[in-house]
Amino acid sequence: MTEPADNVVLAELKIAAETLPPEVFRLAVEQAAVAISITDAKARIVYANPCFEKMTGYSCEELLGKNQSILSYKVTPRLVYDSLWGQLERQHPWNGLLVNRRKDGSRYLADLTITPVLNAIGETTHYLGLQRDVTEVHQLEHQVLNQRALIEKAVDATQVAMVLVDTQLQPILRNRSYKALE
Ligand code: FAD
């Protein structure tokens, strides 16, 4: 149960949230630790925050008016873009991974979320893009998978039945000889 005093604080917080000056929103976007871009309805960039500039190597001036495809590494299958635009045309957000190219030509993997921004009469006027560079995480995941595949191969090659268990004694790796015994 919430105390009456809590209700007063909650009501005050609600008013404070509703009357947040636009300047606070602007500063929050400007200083966000995630790359943020805003485009018009044709995907032309109208705003990019400093984190976006840092991630892509382009300055805001260079990006203004350009299509977001300026970042495309041109290896993403057309099907991905068709699905992206299909979602956006239905005014649904889209999330996925895209291989992007920085200004210096280097590649990075972007975890991108695009949200349509609707006006008062429900028309899409802008898109909001949030992206994170997940290249390292992805590489680490691949390294782990490759190492696991290598270990599995080595363990499989021995004639001795082997099983690797976790702390709950659940098997996480069984070699061919062990599976044959099972
Ligand atoms: P396009 O000529 O853009 O066409 C690709 C497909 O998308 C076609 O099927 C086309 O019909 C459809 N399409 C394109 N524009 C529209 C539109 N305005 N309305 C409806 N359908 C359309 N792409 C990236 O590669 N990297 C990014 O980081 C990235 N970020 C984006 C962020 C936002 C906020 C938005 C809105 C889009 C972003 N895109 C991004 C998508 C980008 O705009 C391009 O669609 C994409 O890069 C493919 O470019 P293209 O020139 O190869 O093909």
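Remember, it's 1-based here, ligands and their atoms both numbered in the order they're listed.
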[X]: side chain to side chain contact (heavy atoms under 4.5 Å, CB included) partners, not counting sequence neighbours:
{"X": "Q31", "result": "L27"}
{"X": "K103", "result": "Y58, E62"}
{"X": "T135", "result": "Y108, L109, D133, Q139"}

Counting only heavy atoms and a distance below 4.0 Å, can you name the residues contacting ligand 1?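 Ligand 1 pocket, heavy atoms under 4.0 Å: T39, A41, K42, A43, N67, Q68, S69, L71, S72, R78, Y81, D82, W85, E89, L98, N100, L112, I114, Y127, G129, Q131.
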Between K179 and E182 (salt bridge meaning N to carboxylate O under 4.0 Å), is one present in this structure?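 Salt bridge between K179 and E182, a charged N being under 4.0 Å from a carboxylate O: no.
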For a 4.5 angstrom cut-off between non-hydrogen side-chain atoms, does S83 reach V80?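 No. Closest side-chain heavy atoms not under 4.5 Å.
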W94-Y127 aromatic ring centre distance below 6.0 Å: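 Centroid distance W94-Y127: not below 6.0 Å, so no.
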